[in-house]
Amino acid sequence: STNLIMVFISLELLSISSYILAGYSFNKKGAEGSLKYFLFGSAASAIMLYGFSILFGITGTLEFTAADFINNLSANQSALVIVAAIMAFAGFLFKIAAAPMHIWAPDVYEGSPMPVIAFLSVVPKLAGIVVLAKMTITFATTTVSFDWQLVMAVVAMLSIGIGNLSALWQNNAKRMMAYSSIAQSGFLLIGVVCLTSQSMQAFLFYSALYLAANYVVFISLQAFEKNSIDSIPSFSGTGRSFLFLSVVLLGGLISLTGIPPTGGFTSKLFMFASLWASYEQTGKTVLLWLLIFGLLNTVVSLFYYLKIPYYAFLKSPNASLSPENTRFENFLAFILVVGILFLFIRPDFLMGWLNTINFVL
């Protein structure tokens, strides 16, 4: 949608459903996570809606891609425009779990059922980022003297840095993946920072690979959780008891890190290539800093993404395990891992199809 009211209704429908789903474990931790999600989400939605109302008051239209909206914003050079935009963007940052609006994520991920976390880590995030990209482009085309590209680049660096550094200290697999999701939001925001057709195609490719790799990880973690394995040290020796499941989990984690031979490497390569091309075109130093920061943090992410495989394959089991049936999870994860490996060899198979999509802005 390009209508502020429809954007708000759509995101709230998604959010309210998410608040309910977050408490579906029906235990104390799940109820606490769901309540925190609801309270933070209500505040973020109210702030975003107030920002929308100010923008409507200034422009006289709800269609944020309309010429009247852009012209009236350009004609109004007051600080109120910047305040309204920041309030609106704060709501979007909450939806995508980007810093500094990320604090709800770890508790919600820890208390929610695994399928719900898999959903929350992908669907609201991608929906929020697409609308955020449309709004950022609208503000970038006005003559308001404010560098939105700089703001988005700083938010991206904050998200990547806070997510990766916080994930390093986690011993719970769900909380680690929560901080991983925050860091991935930062990488996805690179597409918004560049604001080019190349970066949007890279964003779509990255989103597809992120979805596949994330689902591999959560499908595998659900199978392990069925066997009462949830903390990272409890994965000790699972590489022997659950060999196939541990291997596909390793594939998903390697793809999220962005190293060969997975499609995650190709997706990060496309994203960084679009960032470099945008830097060469504009010469903005902040884009170069974002590129360097992103590359360094890709290395940092290795240290927590490979924690579970380290315990699984290199540590002795703490106790004898009697594996439960995980055939269904093994099958689903295997199909996704094959797709991830295939897209490393033939990225053009997906990229050629994505290039036919007209990204409506």
Side-chain angles (χ1 to χ4, degrees), residues 22 29 33 36-37 40 93-94 96-112 114 116-118 120-122 124-125 129 155-190 206 209-222 224-225 229-236 238 246 249-259 262 264-265 267-268 271 290 292-315:
K29 191 170 284 187
K36 285 181 180 177
Y37 193 15
F40 282 121
L93 295 182
F94 174 87
I96 67 176
M101 305 291 288
H102 66 283
I103 52 177
W104 59 272
D107 289 333
V108 172
Y109 276 51
E110 188 176 7
S112 301
M114 204 68 76
V116 173
I117 304 171
L120 294 180
S121 67
V122 174
K125 188 184 300 293
I129 286 181
V155 169
M157 285 191 278
L158 272 175
S159 300
I160 293 169
I162 290 172
N164 280 333
L165 293 176
S166 300
L168 287 172
W169 311 108
Q170 303 306 313
N171 278 323
N172 181 284
K174 285 182 175 180
R175 290 185 74 88
M176 184 193 80
M177 290 307 296
Y179 285 110
S180 157
S181 174
I182 294 163
Q184 294 292 344
S185 293
F187 284 111
L188 286 164
L189 280 171
I190 290 175
Y206 192 101
L209 267 299
Y210 170 63
L211 183 149
N214 223 38
Y215 277 15
V216 167
V217 172
F218 281 117
I219 289 167
S220 305
L221 290 180
Q222 181 177 348
F224 281 117
E225 193 177 56
I229 300 168
D230 49 10
S231 67
I232 292 175
S234 68
F235 281 84
S236 297
T238 53
S246 298
L249 175 60
L250 175 63
L253 291 169
I254 285 176
S255 184
L256 286 175
T257 308
I259 54 179
T262 63
F265 168 78
S267 67
K268 272 196 168 67
M271 198 64 95
L290 178 56
I292 295 168
F293 192 76
L295 288 170
L296 291 175
N297 271 271
T298 299
V299 177
V300 171
S301 66
L302 266 173
F303 290 93
Y304 67 85
Y305 278 132
L306 296 184
K307 266 168 89 173
I308 292 178
Y310 167 73
Y311 277 94
F313 294 106
L314 300 178
K315 290 282 189 179

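When reading the values below, keep in mind they use all heavy atoms of this one structure, side chains included, and skip hydrogens, waters and symmetry mates. Counting begins at 1 with the first residue of the sequence. Small disclaimer: the values here were computed from a predicted structure and weren't measured.
- Taking CG from Leu188 and CD1 from Ile129, the interatomic distance works out to 4.0 Å, rounded to the nearest 0.5 Å.
- One distance of note links OG of Ser301 with CG of Leu168; it measures 9.0 Å at 0.5 Å rounding.
- Smallest separation of non-hydrogen atoms from Ser255 and Thr262: CA-OG1, 3.3 Å.
- One finds the CD1 atom of Ile254 at 5.0 Å from the CD1 atom of Ile259 (value rounded to the nearest 0.5 Å).
- The stretch residues 296-314 participates, sequence neighbours left out, in no salt bridge (charged side-chain N to carboxylate O under 4.0 Å, His left out) pair at all.
- Between atom OH of residue Tyr304 and atom CG of residue Leu165 there is a gap of 9.5 Å, rounded to the nearest 0.5 Å.
- With hydrogens and angles disregarded, no donor-acceptor distance shorter than 3.5 Å links the side chain of Ser159 to the backbone of Gly186.
- At least one donor-acceptor pair closer than 3.5 Å links the side chain of Asn164 to the backbone N or O of Asn297.
- Put simply, the side chain of Ser246 gets close to the backbone of Thr238: a donor and an acceptor are under 3.5 Å apart.
- The shortest heavy-atom contact between Ala173 and Phe235 is CB-CE1, 4.4 Å.
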Result block: side-chain N/O donor-acceptor pairs under 3.5 angstrom for residues 209-216, not counting sequence neighbours:
residue, atom, partner, partner atom, Å
Tyr210, OH, Ser121, O, 3.0
Asn214, ND2, Ser121, OG, 2.6

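- Looking at Leu250 and Leu306, their side chains come closer than 4.5 Å, going by heavy atoms from C-beta outward.
- Residues meeting the side chain to side chain contact (heavy atoms under 4.5 Å, CB included) test with Lys174, sequence neighbours left out: Met114, Ile117, Asn172, Glu225.
- Nearest heavy-atom pair, Pro309 versus Leu253, reported as atom, atom and distance to 0.1 Å: CD-CD1, 3.7 Å.
- How far CD1 of Ile232 is from CD1 of Ile308: 5.0 Å, rounded to the nearest 0.5 Å.
- Here the CG atom belonging to Asn171 is positioned 11.0 Å from the CG atom belonging to Asp230, to the nearest 0.5 angstrom.
- Looking at Ile96 and Leu189, their side chains come closer than 4.5 Å, going by heavy atoms from C-beta outward.
- Scanning both residues, Thr298 and Lys268, for their nearest heavy atoms gives OG1-CE, 3.7 Å.
- With sequence neighbours left out, the ring pair (Phe, Tyr, Trp, His ring centres under 6.0 Å) criterion links Tyr37 to Tyr19, Trp104.
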Which is it for Phe94 and Phe40 under the ring pair (Phe, Tyr, Trp, His ring centres under 6.0 Å) test, yes or no, and what are the steps along the way?
CA-CA 8 Å; Phe94 174 87; Phe40 282 121; 7.2 Å; no
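- Between Ala156 and Leu290, the shortest heavy-atom contact is CB-CD1, 4.1 Å.
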Taking distance alone, no hydrogens or angles, what donor-acceptor pairs closer than 3.5 Å link side-chain atoms of residues 175-184 to residues at least two apart or in another chain?
residue, atom, partner, partner atom, Å
Arg175, NE, Gln170, OE1, 3.4
Arg175, NH1, Asp107, OD1, 3.1
Arg175, NH1, Glu110, OE1, 2.8
Ser180, OG, Tyr305, OH, 2.5
Ser181, OG, Tyr109, OH, 3.1
Ser181, OG, Lys125, NZ, 2.9
Gln184, OE1, Tyr206, OH, 2.5
Gln184, NE2, Leu256, O, 3.3
Gln184, NE2, Tyr305, OH, 3.1

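- Not counting sequence neighbours, the partners of Ile162 by the side chain to side chain contact (heavy atoms under 4.5 Å, CB included) test are Ala99, His102, Leu158, Ser166.
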